[in-house]
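Okay, so here's the structure we're looking at.
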Number of protein chains: 2
Amino acid sequence: MQNNQNIKVAVDAVVFGYHNNALYVLLVQQKYGVYKDQWVLPGGLVHNGETLTNAVHRELQEEAGININYLEQLYTFGDDVERDKRNHVISVSYFALVNPDNLKLSAATDAQDVKWQNINNIPKLPFDHNLIIDTAFKRIKAKLHYQPIGFDLLPKKFPFSDLEHLYATILEQEIDRRNFRKKILSFGFIKKCNEKQKNGSGRPAQLYTFDPNKYEALEKNGMHFEIKFA
Amino acid sequence: MQNNQNIKVAVDAVVFGYHNNALYVLLVQQKYGVYKDQWVLPGGLVHNGETLTNAVHRELQEEAGININYLEQLYTFGDDVERDKRNHVISVSYFALVNPDNLKLSAATDAQDVKWQNINNIPKLPFDHNLIIDTAFKRIKAKLHYQPIGFDLLPKKFPFSDLEHLYATILEQEIDRRNFRKKILSFGFIKKCNEKQKNGSGRPAQLYTFDPNKYEALEKNGMHFEIKFA
DNA sequence: CCAAAAGTGTTGTGAATACACCCATGT
DNA sequence: ACATGGGTGTATTCACAACACTTTTGG
């Protein structure tokens, strides 16, 4: 085995949060080094003997003190050898989902600052981080159609209209409320709670909750979650 | 930037070939080192300053002298820190498709031997290569439904029945010939050739060809390739 | 003329679409 | 009583599923 290889392995995460009817991405401000003061995706070099997944969790803790709800490997970026001007570094990128119960950002220890940036207003970022975000956004859009990940962006109990708006916002298309509701409920993994939510004005909304166990059971029995729009 | 990181980056490829109505995976026999004589996936360490994609192409040349038809990043395996007993090595894995015109394997320079192994008869392999193959097999099965990758496993001109058999074999399910043909032809990216193929017995088959340009054009116009079976 | 594989159409069924009015609450 | 958002049913349309006989060649 050749031993002079000198390539660094980093992990980066595109963390999505949904609030105020909009989708946001978590950015952190570099505290040290050549890229000091610049806003970038949370991430950093993997430690020796550390798994990739642990590295992501560690970085998210260190830089944003945030609890994530869902994590999935996105893509490994290593076809631009100069994506990091300091070294040959490849980035194993992940995307994560955060629900609103976990939105508040702790004072970061390893980052100067942390913020939620609207997905439709991402500035030009260093490295290939814009590309990574685009890739993640495409992935999440695609996944919404065939995997129930929308629930990881909502609180445990939510009114049906929130789910609707989430789909409409992220996919940037209008949705027929009646058909959407019928379809989602027909799967049988959404349960009605015993609570209603009052918004100030209008009829109070019935709260629903996603039942992951039921979902898995149904999936094993051949159910195929898929939702399309006209 | 911390500079004592000592993690190696490898690429590995699951190369699929389809012949004799069966799906095969390319394996190579290690020539040197601790794993000498063992059969493994083609792959190896990335060179300094080399892109990941180039590394895959280089390894496939060096170890199998093969021309591939399609290449896509699969997944990066790095959650088992001891997947390689020599070092902490992560594997950026790819899968590739080869059509029968390119099936013959050159005398490998960097491998002792090379062979096509039936996907249903893969032996226990070192590292996590069984896991990588399983992941690739799942991916290719899924992709057959929504991306026209089957054509990359067939010669340029093929009889319709070959496409049918390919789907039936890989997905391990029966297919209604009439419905399948209707569906595929309805997309409009398959062209009839001016040739027929004689098999010895039975009626000669009309040859067809996949038109990638037409496919892309249609896709831009909103066509969504998807094929399901009862 | 028999065997082997290729080619082809129609009908039924169920899911997706389109669409508009009533309900419960706060002000 | 009005404004606001929540909740619901039906008719039409279209795509998928099921299904069997004829055609062309070689032996």
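Values below: all heavy atoms of this structure, side chains included; hydrogens, waters and symmetry mates excluded. Throughout, a chain's letter reflects where its sequence line sits, starting with A, and its residues are numbered from 1.
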TODO: Using the heavy-atom set of chain A and a strict 4.0 Å cut-off, write down the first and last nucleotide of DNA chain C that makes it in, 5' to 3'.
DONE: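 Answer, 5' to 3': dA16(C) to dG26(C).
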Open item on the list: Under a 3.5 Å threshold, yes or no: a donor from one side chain and an acceptor from the other, between Asp79(B) and Thr53(A)?
Closed with: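 The criterion, which ignores hydrogens and geometry beyond distance, is satisfied for Thr53(A) and Asp79(B).
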Task: Residue pair Ser93(B) / Ser91(B), side-chain donor-acceptor N/O under 3.5 Å - done: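 The answer is yes; a qualifying pair exists.
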TODO: Could you identify which residues of residues 167-182 of chain B place a heavy atom less than 4.0 Å from some atom of DNA chain D, listed by residue number, or say none?
DONE: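 Heavy-atom contacts with DNA chain D come from Asp176(B), Arg178(B), Asn179(B), Lys182(B).
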Open item on the list: Under the rule for ring pair (Phe, Tyr, Trp, His ring centres under 6.0 Å), what residues qualify as partners of Phe187(A), not counting sequence neighbours?
Closed with: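 By the ring pair (Phe, Tyr, Trp, His ring centres under 6.0 Å) rule, Phe187(A) matches Phe189(A), Phe225(A).
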Task: Residues forming a salt bridge (Lys or Arg N to Asp or Glu O under 4.0 Å) with Asp176(A), sequence neighbours excluded - done: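 So Asp176(A) forms no salt bridge (Lys or Arg N to Asp or Glu O under 4.0 Å) with any residue.
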Task: salt bridge (Lys or Arg N to Asp or Glu O under 4.0 Å) partners for Lys157(B), two or more places apart - done: Glu195(B)
Open item on the list: Less than 4.0 angstrom between a side-chain N/O of Lys183(B) and OP1 or OP2 of dC16(D), yes or no?
Closed with: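 Looking at the OP1 and OP2 atoms of dC16(D), one of them is under 4.0 Å from a side-chain N or O of Lys183(B).
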Open item on the list: Which heavy atom of Leu154(B) sits nearest to which heavy atom of Asn99(B), and what is that distance?
Closed with: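 For Leu154(B) versus Asn99(B), the nearest heavy atoms are O-CB, 3.2 Å.
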Task: Leu26(A) to Ala64(A) - nearest heavy-atom pair and separation - done: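 It is CD2-CB, 3.7 Å.
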- [ ] Not counting sequence neighbours, which residues clear side-chain contact (heavy atoms from CB on, under 4.5 Å) with Pro155(A)? List them please.
- [x] Pro100(A), Asp101(A)
- [ ] Using side-chain contact (heavy atoms from CB on, under 4.5 Å) as the criterion, list what pairs up with Asn20(A), not counting sequence neighbours.
- [x] Tyr24(A)
TODO: Check the angle between the aromatic planes of Phe16(A) and Phe137(A) and answer parallel, tilted or perpendicular using the 30° and 60° thresholds.
DONE: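 Tilted.
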- [ ] Would you mind listing every side-chain hydrogen bond (donor to acceptor under 3.5 Å, both in side chains) that reaches into residues 118-131 of chain A, with sequence neighbours excluded?
- [x]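 Of all non-adjacent pairs touching residues 118-131 of chain A, those that pass side-chain hydrogen bond (donor to acceptor under 3.5 Å, both in side chains) are Arg83(A)-Asp128(A).
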Open item on the list: Can you pull out every side-chain hydrogen bond (donor to acceptor under 3.5 Å, both in side chains) where at least one residue sits in residues 135-148 of chain B? Sequence neighbours excluded, please.
Closed with: Tyr70(B)-Gln147(B), Glu72(B)-Arg139(B), Glu72(B)-Lys143(B), Lys141(B)-Glu172(B), Lys143(B)-Gln147(B)
Check nucleotides 25-27 of chain D against the protein and report each pair of N or O atoms closer than 3.5 Å, with its distance, or say if there are none.
from, atom 1, to, atom 2, distance (Å)
dG26(D), O4', Gly200(B), O, 3.0
dG26(D), O3', Gly200(B), O, 3.0

Task: salt bridge (charged side-chain N to carboxylate O under 4.0 Å, His left out) partners of residues 202-219 of chain A, not counting sequence neighbours, each pair once - done: Lys191(A)-Asp211(A)
Please report the distance, rounded to the nearest Å, between [atom1] in [X] and [atom2] in [N].
X	N	atom1	atom2	value
Glu164(A)	dG7(D)	CD	C1'	10 Å
Leu207(A)	dG7(D)	CG	C1'	14 Å
Asn21(A)	dG5(D)	CG	P	11 Å

- [ ] Report the residue (Asn199(B) or Glu226(A)) whose heavy-atom-nearest nucleotide on DNA chain C is the more 5′ of the two.
- [x]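 Final value for this comparison: Asn199(B).
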Open item on the list: Which residues in residues 143-158 of chain A have a heavy atom closer than 4.0 Å to any atom of DNA chain C?
Closed with: none
